[in-house]
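The structure appears below as structure tokens.
Numbers restart at 1 for each chain; the letters A, B, ... are given by sequence-line order, proteins then strands.
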There are 2 protein chains.
Amino acid sequence: MPTQRQQEEREYRRRQILKGALVVFSKTPSENVTMVDIAKESGFGKATLYYYFDSKEAIVTELLIEGWQDLWVCIEPVLEASNSSKQIFIHVLQTIGEQIEKNRSLYEFLFNAPAHMPSHGEQPPEWKQYQVRLYTVLKGLLDDGMASGEFPHVNPQMMMRGIGGLFHGLFFLGTKPQKISKEEIEMLLNGIFNPPTEPTKTHEVK
Amino acid sequence: MPTQRQQEEREYRRRQILKGALVVFSKTPSENVTMVDIAKESGFGKATLYYYFDSKEAIVTELLIEGWQDLWVCIEPVLEASNSSKQIFIHVLQTIGEQIEKNRSLYEFLFNAPAHMPSHGEQPPEWKQYQVRLYTVLKGLLDDGMASGEFPHVNPQMMMRGIGGLFHGLFFLGTKPQKISKEEIEMLLNGIFNPPTEPTKTHEVK
DNA sequence: TTCCTTATCGACTGTGCGGTCGAAAATTAG
DNA sequence: CTAATTTTCGACCGCACAGTCGATAAGGAA
């Protein structure tokens, strides 16, 4: 049986591989990432990767699950706060934004890569549940907020799509990443949440 | 030399192939679309596709270019109108939305697929120019509108990302497509353009 | 030292897919 | 009819890549 130190080193090497994988994923469109790339980046031979992981998908899955779990650790306390639905909603998105800034490559991977993964035709992968949960929680906040009059009464589905897209665009559109402040997020969301009821047609052009 | 009718039939078969390709692309994640799929869908043998097109990329490119050109035919007149920058901006997006509703699979392809294409390491592909042009035009309207006070003075880059994402989300996020009215587009954009200067903290809950 | 477990990796296999080839069918021309 | 041309396609080729194998090393434990 392996000693304590051996176990630790083994775990350390796994981490190295995952780290290398993330680097590769941040440099290469996810559909072009090969095991050889990851092997080279993390300083092992290709076959060695298979000594630590069952498959390419296993690596991806582990990255995704770890990433989502980390994110949820940050989100959960925000949900506990006894604020209005609207405040919580905004705060959740701000929190996610904060995490993205801290670890861009990870979250770019989390939010962009999954769609293009082979996904072995099976039932929905484990990491997906975290994504669904996020959607559900936000949608719930939106519904509650609409019921209590904090949000305008418009199609909540549409709202979710719009906000999801807006958020994604802010952080991931364009070539060079750009810092988005919490205030900017709040401003844009407030704009969507409190649209000017009478659209300012032909705004004054002094 | 081929007769008139032969030419026409040849052209017709090309169209059939393109049509079939679009069907396949609308059913399958673009990275998994194979030539055999397209061949089967359009009712030809695989080798026949190569009689009409040079490569898989040629098919994709032709779809993209045609699609973008059609779109621009709709956009151009909107730009001619002598309205305020803001009105034109909104109207352009409404027009695009309208086109999307008319031909979802085409525009889903236009706006989603390109990123995942092999893109033979060469200079930017031809269809890209149309995309850049759209970005440029919208950005220009945004800049003008800011200069004339129609839009708030915030980072225009960020604004573009946000609006781009918002729009993309509205039409393409989620599983089942949903109709988005022109009024809804206008409302959301107005919300972003005219954010409540004093965020309605703890909105009144009558 | 020898024995055994853990770790590493180059070379190989299998497969899926873009693209080609050459033969055959269909169409047109004379 | 025959000959020339256009169209169709199954079978094959080459390559890239996920995954495997067997040989080799590197480290204990005795």
**Asked** Does C/dC21 have OP1 or OP2 sitting under 4.0 Å from an N or O in the side chain of B/Y50?
**Response** no
Taking only N/O atoms, report every protein-nucleotides 12-16 of chain C pair under 3.5 Å with atom names and distance.
none

**Message:** Is there a side-chain contact between B/R13 and the phosphate of D/dT8, meaning an N or O under 4.0 Å from OP1 or OP2?
**Reply:** yes
**Asked** Is B/F53 touching bases, backbone alone, or none of the nucleic acid, heavy atoms closer than 4.0 Å?
**Response** nothing
**Prompt:** Less than 4.5 Å apart, any side-chain heavy atom of B/P124 and any of B/Q129?
**Reply:** no
**Euclidean distance, atom CZ of residue B/R14 to atom C1' of D/dT7 [Å, nearest integer]** = 15 Å
**Item:** Shortest side-chain distance from B/K56, nucleotide among C/dG19, C/dC9, C/dA7
**Value:** C/dG19
**Interatomic distance where OH belongs to A/Y51 and P belongs to D/dA23 [whole Å]** = 18 Å
**Asked** Atom CG of B/L49 and atom P of C/dT20: how far apart are they, to the nearest Å?
**Response** 13 Å
**Complete:** d(B/E186 CD, B/I90 CD1) to nearest 0.5 Å is 5.0 Å
**For atom CD of A/E31 and atom C1' of D/dA18, their distance in whole Å** = 16 Å
**Message:** Assess the residue pair A/E76 and A/R133 against the criterion (salt bridge (Lys or Arg N to Asp or Glu O under 4.0 Å)); give the C-alpha distance rounded to whole Å, side-chain angles, the decisive distance to 0.1 Å, and a yes or no.
**Reply:** CA-CA 11 Å; A/E76 227 115 44; A/R133 190 156 118 223; 3.2 Å; yes
**Prompt:** Can you tell which of C/dC9, D/dA18, D/dC9 lies closest to the side chain of B/T48?
**Reply:** D/dC9
**Asked** In whole Å, what is the span from the CD atom of B/E8 to the P atom of D/dT6?
**Response** 17 Å
**Item:** Which nucleotide in C/dT8, D/dC21, C/dG19 has an atom nearest any side-chain atom of A/A47
**Value:** D/dC21
**Prompt:** How long is the span from the CG atom in B/L173 to the CD1 atom in A/I163, to the nearest 0.5 Å?
**Reply:** 11.5 Å
**Complete:** Only residue of A/E66, A/E9, A/E62 satisfying salt bridge (charged side-chain N to carboxylate O under 4.0 Å, His left out) with A/R14 is A/E62
**Request:** Carefully, step by step, assess B/W68 and B/Y107 under the rule ring-ring contact (aromatic ring centres under 6.0 Å, His included).
**Result:** CA-CA 9 Å; B/W68 276 105; B/Y107 287 97; 8.1 Å; no
**Asked** Tell me, which pairs form a ring-ring contact (aromatic ring centres under 6.0 Å, His included) where one or both residues lie in residues 81-101 of chain A, sequence neighbours left out?
**Response** A/F89-A/F193
**Interatomic distance where OH belongs to B/Y12 and C1' belongs to D/dT6 [whole Å]** = 19 Å
**Prompt:** For B/E57 and C/dC17, what is the distance between atoms CD and C1' respectively, to the nearest whole Å?
**Reply:** 16 Å
**Asked** Between D/dC9 atom C1' and B/K40 atom NZ, what is the distance in whole Å?
**Response** 14 Å
